[in-house]
Peer 1: 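I'd like to ask you about the structure that follows.
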Amino acid sequence: MSNYLKYLEKFIIMVKIYEKSSWGIVYRKKSNTIEILLLEWVNSKWQKVFVIPKWHMEEWETAKDTAIREIHEESWLEPKDLDVIKFITKLNYTFTAWYLEDNPLIDKDVYLFLIKYKWEKDPIVQKEERFVWYKWSSIEEIKSLDVKFDLYSIVTKNKTYFI
């Protein structure tokens with residue numbers, strides 16, 4: 001087979017993977033101000049970006065359990081100090097995972113929760129997972145940050161639930 005045909009074959013046979021994740025918008029009230037937890041993370045292109053805690057659901061987990069587990073694993077905030085206030089929405093997006101072998105197409109469902117943090121302990125980021133820092137940001141400050149899925153709009157639409 002010619003190199004050209006091998007090249008074409010790679011694009012014809014597209015691998016597609018379905019994934020489910022849970023994300024948590026963690027907030028706290030401090031001096032009558034709502035603050036959202038953002039984690040600074042180094043992505044696969046070695047760029048620093050702000051994200052909210054998230055990751056893959058295990059087969060046996062519920063979306064809610066995954067959100068709490070991931071918040072704990074990525075920030076060391078204790079599950080007992082996290083209250084799920086509301087399931088916000090299910091998002092779906094598709095992307096090409098150029099960083100994986102065969103560049104599979106990932107079709108991802110994301111379950112998004114609003115979660116209240118009711119303690120004062122600071123997060124501890126997991127540097128081995130490429131997290132470098134954290135930031136408690138006001139809702140207005142989020143407006144000027146580039147966080148996936150237009151976090152500002154999602155937060156402002158659900159502002160009445162920040163109890």
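Note that this is a predicted model, so its numbers are computed, not measured. The chain is numbered in sequence order, starting from 1.
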Peer 1: side-chain hydrogen bond (donor to acceptor under 3.5 Å, both in side chains) with Ser153: which residues, sequence neighbours excluded?
Peer 2: Asp150
Peer 1: Could you work out, with side-chain hydrogen bond (donor to acceptor under 3.5 Å, both in side chains) as the rule, every residue matching Ser137, not counting sequence neighbours?
Peer 2: none
Peer 1: Looking at Gln47, I'd like to know if its CD atom is crowded, meaning that more than 12 non-hydrogen atoms belonging to other residues, nucleotides or ligands lie closer than 6.0 Å.
Peer 2: yes
Peer 1: Just jot down the side-chain hydrogen bond (donor to acceptor under 3.5 Å, both in side chains) partners of Tyr152, sequence neighbours excluded, or say none.
Peer 2: Glu140
Peer 1: What about Phe162 and Tyr27, are their ring centers closer than 6.0 Å?
Peer 2: yes
Peer 1: Give every residue pair that meets the salt bridge (Lys or Arg N to Asp or Glu O under 4.0 Å) criterion with at least one member in residues 121-135, sequence neighbours excluded.
Peer 2: Lys135-Glu141
Peer 1: Quick test of your reading: applying ring pair (Phe, Tyr, Trp, His ring centres under 6.0 Å), list the pairs with at least one residue in residues 66-90, sequence neighbours left out, ordered by first then second residue.
Peer 2: His72-Trp76, Phe87-Phe113
Peer 1: Lys116 side chain to Ile163 main-chain N or O, any donor-acceptor pair under 3.5 Å?
Peer 2: yes
Peer 1: Applying the side-chain contact (heavy atoms from CB on, under 4.5 Å) test to Ile154, which of Ile142, Val147, Ile25, Thr89 qualifies?
Peer 2: Ile25
Peer 1: How would you list all residue pairs meeting salt bridge (Lys or Arg N to Asp or Glu O under 4.0 Å) that involve residues 42-59, not counting sequence neighbours?
Peer 2: none
Peer 1: Among Leu38, Ile124, Val125, which residue meets the side-chain contact (heavy atoms from CB on, under 4.5 Å) test with Tyr134?
Peer 2: Val125
Peer 1: Suppose we screen for side-chain hydrogen bond (donor to acceptor under 3.5 Å, both in side chains). Which residues come up paired with Glu120, at least two apart in sequence or across chains?
Peer 2: none
Peer 1: If you look only at pairs with a residue in residues 72-100, which of them pass as a salt bridge (Lys or Arg N to Asp or Glu O under 4.0 Å), with sequence neighbours excluded?
Peer 2: Arg69-Glu73, Asp83-Lys118, Lys90-Asp109
Peer 1: Applying salt bridge (Lys or Arg N to Asp or Glu O under 4.0 Å) as the test, list every pair that has at least one member in residues 19-44; sequence neighbours left out.
Peer 2: Glu19-Lys108, Arg28-Glu35
Peer 1: Assigning hydrophobic clusters by single linkage (Ile, Leu, Val, Met, Phe, Trp, Tyr; side-chain heavy-atom cutoff under 4.5 Å), is Met57 placed with Ile68?
Peer 2: yes
Peer 1: I need the Leu114 CG to Ile88 CD1 distance, nearest 0.5 Å.
Peer 2: 4.5 Å
Peer 1: Rounded at 0.5 Å granularity, tell me how far OG1 in Thr66 sits from CD1 in Ile71.
Peer 2: 10.5 Å
Peer 1: Do the side chain of Asn43 and the main chain of Trp46 share a donor and acceptor less than 3.5 angstrom apart?
Peer 2: yes
Peer 1: Is Phe131 reachable from Tyr117 through a run of hydrophobic residues whose side-chain heavy atoms are each under 4.5 Å from the next?
Peer 2: yes
Peer 1: So Val51 and Val49, do their side chains get closer than 4.5 Å, heavy atoms only?
Peer 2: yes
Peer 1: Should Val110 and Ile85 be regarded as members of a common hydrophobic cluster, given that ILVMFWY residues are connected when their side-chain heavy atoms come within less than 4.5 Å of each other, either directly or indirectly?
Peer 2: yes
Peer 1: Please list, chain by chain and in numerical order, all residues satisfying side chain to side chain contact (heavy atoms under 4.5 Å, CB included) with Thr94, sequence neighbours excluded.
Peer 2: Asn92, Leu105, Asp107
Peer 1: List, by chain and number, the other hydrophobic cluster members for Trp55, where Ile, Leu, Val, Met, Phe, Trp and Tyr join if side-chain heavy atoms come within less than 4.5 Å, directly or indirectly.
Peer 2: none
Peer 1: Are more than 12 heavy atoms, taken from residues, nucleotides or ligands other than Tyr93, located less than 6.0 Å from that residue's OH atom?
Peer 2: yes
Peer 1: Would a single hydrophobic cluster contain both Leu145 and Val26, if residues Ile, Leu, Val, Met, Phe, Trp and Tyr are joined by side-chain heavy-atom contacts under 4.5 Å?
Peer 2: no
Peer 1: Looking at side-chain heavy atoms only, is the closest gap between Pro53 and Leu39 below 4.5 Å?
Peer 2: yes
Peer 1: Checking Ser31 side chain against Thr33 main chain: does a donor-acceptor pair fall under 3.5 Å?
Peer 2: no
Peer 1: With respect to Leu37, which candidate in Leu77, Ile115, Ile52 satisfies the side-chain contact (heavy atoms from CB on, under 4.5 Å) definition?
Peer 2: Leu77
Peer 1: Please report the closest heavy-atom contact between Ala67 and Ser22, naming both atoms and the distance.
Peer 2: N-CB, 3.6 Å
Peer 1: Partners of Tyr18 by ring pair (Phe, Tyr, Trp, His ring centres under 6.0 Å), sequence neighbours excluded?
Peer 2: none
Peer 1: What about Ile106 and Leu112, same hydrophobic cluster or not, with Ile/Leu/Val/Met/Phe/Trp/Tyr joined at side-chain heavy-atom distances under 4.5 Å?
Peer 2: yes
Peer 1: Quick one: do Lys64 and Tyr111 satisfy side-chain contact (heavy atoms from CB on, under 4.5 Å)? Show the steps, please.
Peer 2: CA-CA 8 Å; Lys64 178 178 153 184; Tyr111 299 86; over 6 Å; no
Peer 1: Are Trp133 and Phe50 side-chain neighbours, meaning at least one heavy-atom pair lies under 4.5 Å?
Peer 2: no
